[in-house]
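Lettering of chains follows the sequences in order, A, B, ..., and the numbering in each one begins at 1. Bear in mind the structure is a predicted one, so any value in this text is a computation, not a measurement.
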Amino acid sequence: MVQTLFDGLMIGGVYAIIALGLTLIFGVMRVINMAHGEFVMIGMFVSYFLFTSIGLDPFISIIISAPACFLVGYLLYRFFVEKAKEGGEENTLLLTAGASIFLINFMALPFLLGPNFSRLTGDNLFWQNNVLNIGSVSFNSALLMGFFVTGILICLLHLFLTKTDIGLAMRASAQEPQAAQIVGINVSSISGLTFGLGAAFAGVAGSILATTYPIYASIGSLYLVKSFIIVVLGGMGSIPGAAIGGLILGVTESFGATYIPGGTGYRDVFGLIIFLIVLLYRPQGLFGKGV
Amino acid sequence: MTILKVDNLSKKFGGLNAVKNVSFSVGKGEILGLIGPNGAGKTTCFNMIAGVFSQSEGKIIFEGKEINGNPPYVLNNRGLARTFQIVKPLAKLSVFDNLMVACLSKSKNIKDARKKAKEVITKTNLEELKNTTAGSLSIGNLKRLEVARALATDPTLLLMDEPMGGLTPSEVDGSIQLIKDINKEGVTIVLVEHIMKAVMAVSDSIIVLQNGSLISKGEPNDVVNDKNVIKAYLGDEYVKS
Amino acid sequence: MKPVIYVMIVTGIIAVIVPLFADLYLYSILTTVLIWIMLGQAWNLLGGFTGQISFGHAMFLAIGAYSSMIITNSLNLDMILTLLVGGLFAGLFSFPLGLLIFRLKGPYFALATLAFAEILHIVARNWKGLTNGGEGMMLSNNATFLGIEIFSNDEYFFVALLLAAIVSLSCYYLMKTKAGYSFIAIRENQDAAEAMGINSTRTKSTALFFSAFLAGVAGGFYGLYNKFIDPEMTLTVHMSAEMIFVTVLGGIGTILGPVIGSTILITLQEYLKEVPMFQSFSSLYLVIYGLFIMIIIVYLPGGIIDGIKKIRQYFSKGGDESDYSKSG
Amino acid sequence: MSIVKKGLILFSFVFIVLIISGCNSENASSEGDTIKIGAVLPMTGGNAVFGEKFEQAYTMAAEEINEAGGVNGKEIEIVIEDSEGDAQNARSATEKLVSDDGILALTGGRSSGVTLVEAQVAEENQIPYLIDHGSSDLATMEGYTYVYRLNPTAGMYPNALLDYFNENPPESIAHINVDNAFGEAVYDYGLQGYVENSDVEYEMFEYTAGELDLKPIMEQAKGLNPEVVLMTSGNDNDAAQLMMAANEASLSPELFVGTGAGHSIMGFAEQAGDLSETVLTAGPWHGDKNDEEYQAFFDKFTETYGNEPGEHEIEGYTAIYVLADAFERAEELNRESVLSALDSTDLDTIFGPIKFEDFDGYTNQNRAITDVSQWINGKMVTVYPEDQAQQELVPFQGWD
């Protein structure tokens, strides 16, 4: 029972870090980003490349994968998303879906990730099959470390958004672009910053996941739907909401898969059902202020 | 014969009671002006009658039947139409199609609706703007389109929420004339408006609200000279002793 | 000239010319284009005309596909009946769904439909008794259309041509009815529509019913044409997204949008595979395809039809304002 | 924009379609001096790695045959169509190959869904289709006359394993199965018979292909305290993920047994690292190490492409040789005579003897050899049946 709870928290931590970037892009800016999974994949690739070439530990390579994804996100926003936004919601949805096809197949070119599954292995990888037993509970040490890194990032981002002036400018230009412009905020570059920051967090998620999960071009689409669920579950734009939303989804799926007979096949249904209930009866999510 | 009877209507939003037991009635074919400073509860009152939300206490009886937050389309089918303070045009559609949508709710088929739409368009002289997309109209024409659309649903009672807001003086006169024409065809009107010139010109009777309660009721001239109305609107110093 | 006549003429011309030099592969491309026209029209009813962007429309496609396969395999009814019943099942399923999620707006509505489609995807994969699970279902006997046995690609092509014409025309005429006007009114401004006597929930569920019905019919045909379906072919996010691509690329909220969008998108995919320059890396053609979508959406937000209109207006300096009642 | 003008626009669009597609079907006619083999492979998408493996195997086989003078002087050419790994593209990809008359036979498919659709289209258009890897049993149980299969069906994968179980029956089996066509076929046509008429305590736990969090499944399996943990996965990615989850849940049965596919390719050992040690896999026989012909193929492949050939490469390579042999024996170079030539195939290859027979409900199915192998320091070693065993089977090493 306790083991299932911690298993749920660990996978919940993974969901939370992936969804964290999306709370900025979807939660704050209301841009439906279908290419969010691809930012995670790019982060994984950067860590994979750095580990295989110079043996840099994935957690350290965050300092490179985050800026790399920031750049991709910023460019995607300024050259494409910003213009598509005027055309209405379905346009940004389709634009990012197109970007997803572009990024997946671009990274699948032979000189980058290529078509195959790769994985970080080798003895110099500290996290290689490293299982930590605390009391009767077993942990995947990489995910445990990832859990703490995620926790720190969540606090940093929350403080950044609520306390700093750039954070304030970000939220202002997302909610009322015209009003923000009048008070002197360069909305397009601030929004580009927000989008890039969202992508950077996805890059961080990629680096953390690279420690234990396989790396291939189309892995991004695996957790796309779950990230949207978590952002809405936690409350649009609420950073702590996304973190707790991720944990709730992780624990629910874990218990559902373990204790409900034949549950392993229906594992994802539990998360989806909770999502629908929250969406219908508490649209502002668990922690969001009224929308 | 009264078409609309409101008796000690009140509405509380949490602690704030926006409307405190207001009672009045409107006779058939009459034009009632509803005035008062901002925040007096005019729009809240208006929205309760229009079914946008239900009242905390009191009754609203329209043509003998109660209104208590029933959805706007039900009330519209019962003959109550309204215009919006902030215009809500069907932007991408042409003026003619805006009216077609309104006409279709009452007429059996497309042909009747088309005939009715042509009638309404000429009556509200939007003829030459027939094919322009609603989104590109001036504020004056947008307000006129609102009225035309409301008219096209053959209402017996028309609630108008500041139809003259933001209009040039000449547009105000046009709007006054429009209201008079509509009224001539037997449509009862309840008008919320700040421009006193217009209210005085069209209303048969006026009621004045101030922070939620009714402070004066009656003919336009008596109400205008009523001390507490002046005090409420212009402040004490204007009160002639 | 009445639309019905002009559609018949165009369909007739295509039906005569194509067989002159079409081979098996070209028939399959054209049939795929026609299937996506139907799916695009279905989605457009709800997304384009009523403004409710659904992101899980593949669920109606799947209901149509699976019910048609089951009916044909067990009762072997005529294709017309099978497709109608498939569409009806999808339509009936849409009622409870509509009541539940029509309170939601914008991204929430899209995500709710996405969640329902994912749930159906998981159910289809695990409910072996009904859908034979991940293994998928094969068509065991040949479908018949008005008694004629439909088997080879050209036969399927002609049926697809007929169905696509009927679906497009029915959408066109539906939008001319009172319901059509109220769909548009709700898209433009729901409060104004309600103030004019339109019951928005009932109208939205009517739009959803027709949209689901047509998606079910198209899905049924898709299943019978492929003679094999599995959850991955019918219930993925990719299928729902493709329905939106086809419509938005052509021009959302127009009858011709899905027709043009589907023709371009499907042929482009096949054509890019052919270009020798892209053969060097196997995934290069999809890189170009993704880039194409991004560029189109940024520089032609209103879709190709809007683009044509703008070009025409640019040349004819002040072309006629688009009076809805006249344009497609 | 009046209706007529729009009609013209629509018409012109359809016409452009015809011209574009028309032009590319011209260059498909056969130029006489080459015999073409068509193959539908997942060149893009999640399973693109397998498309690449087959492309390498086909190219190597074709080059070898062409260097040795080709087939009666004619060169062999492989034409590959991308299925993106899903069944909805399989139909149009196969039809594209079929409409090229120069192509005399089809192969490839890889995943079960694509294989089933390719088989249907081949049967409809009377073109021989030699399945080289697709394992869904349905493909050769529908009584198709144009569909042949050289590799064992998913149901046959556990044959050798079931013989082993008959000799030393386990008390309890936890089967962690993937919920796609491959997983279902392994159970329906393979294990179900054994499970029902033996008194083994058997329980199946299903997961979705690509799922990353497999720990709950391993925790549930642990609850059964199984003597044998059976695992089915379509690719090495899932296979490795299963072992990592088992490690985290410290699930340690007597034997860990994969059912071929994902557990029988080098990728599994590379990704799972030392977790793959002593893991068994029951599936298609992957060649007899001490047969020089096999060794020559193994070394040449590793040297040309830089990675060691596994189950997929051997089956792909063999398929081209079987088709080349059929082309040679066919009276004329057309699809009908290739078909009759395939019927009388009796060829010894590095994948074992190839003969297409009808037995227990299968048609044109080769009785491919299956075996049980064990991963011993990164290499797959046959451990059962005895006559082919290179080493003694050892129980699972446990988590140190």
Can you tell if the side chain of D/Y157 reaches within under 4.5 Å of the side chain of D/T232, non-hydrogen atoms only? no
Counting only non-hydrogen atoms closer than 4.5 Å, does D/D86 touch chain C with its backbone (N, CA, C, O), its side chain (CB onward), both, or neither? neither
Would you mind checking which part of D/I80 comes under 4.5 Å of any heavy atom in chain C, side chain (CB onward), backbone (N, CA, C, O), both or neither? neither
Taking C-beta and beyond as the side chain, do C/L139 and C/T72 meet within less than 4.5 Å on heavy atoms? yes
Do the ring centers of D/Y362 and D/Y189 come within less than 6.0 Å of each other? no
What part of D/E52 gets closer than 4.5 Å to chain C, counting heavy atoms only: side chain, backbone, both or neither? neither
With a 4.5 angstrom heavy-atom cut-off, is it the side chain or the backbone of D/N89 that approaches chain C, or both, or neither? neither
Under the 3.5 angstrom rule, does the side chain of C/N153 hit a backbone N or O of C/Y156 as a donor-acceptor pair? no
So which part of C/Y222 gets closer than 4.5 Å to some heavy atom of chain D, the side chain, the backbone, both or neither? side chain
Is NZ or CZ of C/K273 both nearer than 6.0 Å to the six-membered ring centre of C/Y289 and within 45° of the ring axis? no
Counting only heavy atoms closer than 4.5 Å, note whether D/E84 contacts chain C via side chain, backbone, both or neither. side chain
Option that, when pairs with chain C are counted at under 4.5 Å, heavy atom only, ranks first among D/L97, D/N125, D/V121: D/N125
Where on C/D230 is there a heavy atom nearer than 4.5 Å to chain D: the side chain, the backbone, both, or neither? side chain
Let's test your reading of the structure: which of D/E81, D/Q120, D/M43 forms the most heavy-atom pairs below 4.5 Å with chain C? D/Q120
Counting only heavy atoms closer than 4.5 Å, note whether D/S136 contacts chain C via side chain, backbone, both or neither. side chain
Under 3.5 Å donor-acceptor, D/E313 side chain and D/Q56 backbone: no
Just by modelled atom types, is the C/K128 backbone N or O under 3.5 Å from a matching donor or acceptor in the C/T131 side chain? no
